Every structure is written in structure tokens, then in C-alpha cells.
Amino acid sequence: MKKTHRVKSDKDFKAIFDYGKSAANRHFVLYYLDKNYPHYRVGLSVSKKLGNAVVRNNIKRKIRHAFMELSQDIDHKDYVIIARKGVENLDYQAIKKNMIHVFSIAKCYSKKG
């Protein structure tokens, strides 16, 4: 994922949490905020409660990969994806399915093509 497509600063995270909207399902919480960028930006949050660094990085890698596959069908906004307890037990296909579900709830996903 390109650096321009990441949300990294505390200021950006805080703006998304304070002024954005949210949607959730059993495995993810999604915060999203409209911005004037020609592309999306995404930030990830995986709690230490989900496992050690190896487990958390594995979860983030799967989420990033699923997001990249879905990126053509996702609106251009700022997103923060928070992983909930239980996501560490899911395989890649289940993570992708749950991400489609949470983006659909937020009305930010539209299958193109």
C-alpha cells in the first residue's frame, strides 16, 4: 500500500474519530470521513488483546491485502479499521467477507463490474 494511501498521524486519526461516522459488525469497527482526496486513505488498529506482535502483524497483513482487493469498489474517503476480538481466528476469505459486510453497512462499498 502506498504511503499516500495510509492514515498515520494522530491528528488524522483523531479527525476521523471525532468528525466521521462509524459502522460495525462482529469482527470490525469502521470509521469513515469524507475528504477532498482523489483516492482513499486507510489506517488500521489491532489491539494487544488480540495477541502478540506476530499475530497482530498477521492480522494487519490480511486486512491490508483484503482492502487492496476491494479498493476498486470502495468510495474515496478516509477509513480507520479496528479489528475486534475473534478476528485472529479467521482465515483470509472470512476476513475479506466481513470487510465487505462492514463496508456495505456503511454504504461505502458498491460492486463495480
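A quick note: this is a predicted structure, and the numbers were derived from the prediction, not measured.
- Rounded to the nearest 0.5 angstrom, Leu90 CG and Phe28 CZ are separated by 7.0 Å.
- Under a hydrophobic clustering in which Ile, Leu, Val, Met, Phe, Trp and Tyr are joined whenever their side-chain heavy atoms come within less than 4.5 Å, directly or via other members, Val102 and Ile82 fall into different clusters.
- Taking hydrophobic clusters as Ile, Leu, Val, Met, Phe, Trp and Tyr residues chained together by side-chain heavy-atom distances below 4.5 Å, Ile81 shares a cluster with Leu50.
- By the 6.0 Å contact criterion, NZ on Lys85 is enclosed, its count of non-hydrogen atoms from other residues, nucleotides or ligands being greater than 12.
- The NE2 atom of His27 sits 9.0 Å away from the CD1 atom of Ile95 when rounded to the nearest 0.5 Å.
- Asn58 meets the side-chain hydrogen bond (donor to acceptor under 3.5 Å, both in side chains) test with no other residue; sequence neighbours excluded.
- The distance from atom NE2 of His5 to atom CZ of Arg64, rounded to the nearest 0.5 Å, is 14.5 Å.
- We find that Asp75 and Lys107 are not joined by a salt bridge, their nearest charged nitrogen and carboxylate oxygen being 4.0 Å or further apart.
- The ring pair (Phe, Tyr, Trp, His ring centres under 6.0 Å) search around Phe103 returns Phe67, Tyr79, not counting sequence neighbours.
- In this structure, Met99 and Ala66 approach most closely via the heavy-atom pair SD-CB, 3.8 Å.
- Under the 4.5 Å side-chain heavy-atom criterion for grouping Ile, Leu, Val, Met, Phe, Trp and Tyr, Ile105 is not connected to Phe17 through any hydrophobic cluster.
- Rounded to the nearest 0.5 Å, atoms CG (Asn89) and CD1 (Ile59) are 8.5 Å apart.
- In terms of heavy-atom proximity, Asn98 sits nearest to Asn25 at O-ND2, 3.0 Å.
- Taken to the nearest 0.5 Å, the CE atom of Met68 stands 10.0 Å off from the CD1 atom of Ile74.
- Residues satisfying the salt bridge (charged side-chain N to carboxylate O under 4.0 Å, His left out) test with Lys96, not counting sequence neighbours, are Glu69.
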What's the verdict on side-chain contact (heavy atoms from CB on, under 4.5 Å) for Asp12 and Asp78, showing C-alpha distance, side-chain angles and the deciding distance?
CA-CA 9 Å; Asp12 290 338; Asp78 282 357; 5.7 Å; no
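- Residue Tyr31 places its OH atom among 12 or fewer non-hydrogen atoms of other residues, nucleotides or ligands, all under 6.0 Å distant.
- Hydrophobic clustering (ILVMFWY, side-chain heavy atoms < 4.5 Å, transitive): Val7 and Val46 are in distinct clusters.
- A single hydrophobic cluster is not seen to contain both Leu44 and Val80; linkage of ILVMFWY side chains at heavy-atom distances under 4.5 Å, directly or through other members, places them apart.
- Residues passing the ring pair (Phe, Tyr, Trp, His ring centres under 6.0 Å) test with His65 are Tyr92, sequence neighbours excluded.
- Atom OH of Tyr109 and atom CD1 of Ile100 lie 4.0 Å apart (nearest 0.5 Å).
- Every residue two or more places apart in sequence or in another chain that forms a salt bridge (charged side-chain N to carboxylate O under 4.0 Å, His left out) with Lys77 is listed here: Asp34.
- Annotation: side chain to side chain donor-acceptor pair (under 3.5 Å) contacts involving residues 44-54, sequence neighbours excluded, are absent.
- Lys14 and Asp10 are not joined by a salt bridge, as no carboxylate oxygen comes within less than 4.0 angstrom of a charged side-chain nitrogen.
- Across all their heavy atoms, Tyr32 and Ala23 have their closest contact at CE2-N, 4.4 Å.
- The minimum heavy-atom distance between Arg84 and Ala24, with the atom names listed, is NH2-CB, 4.0 Å.
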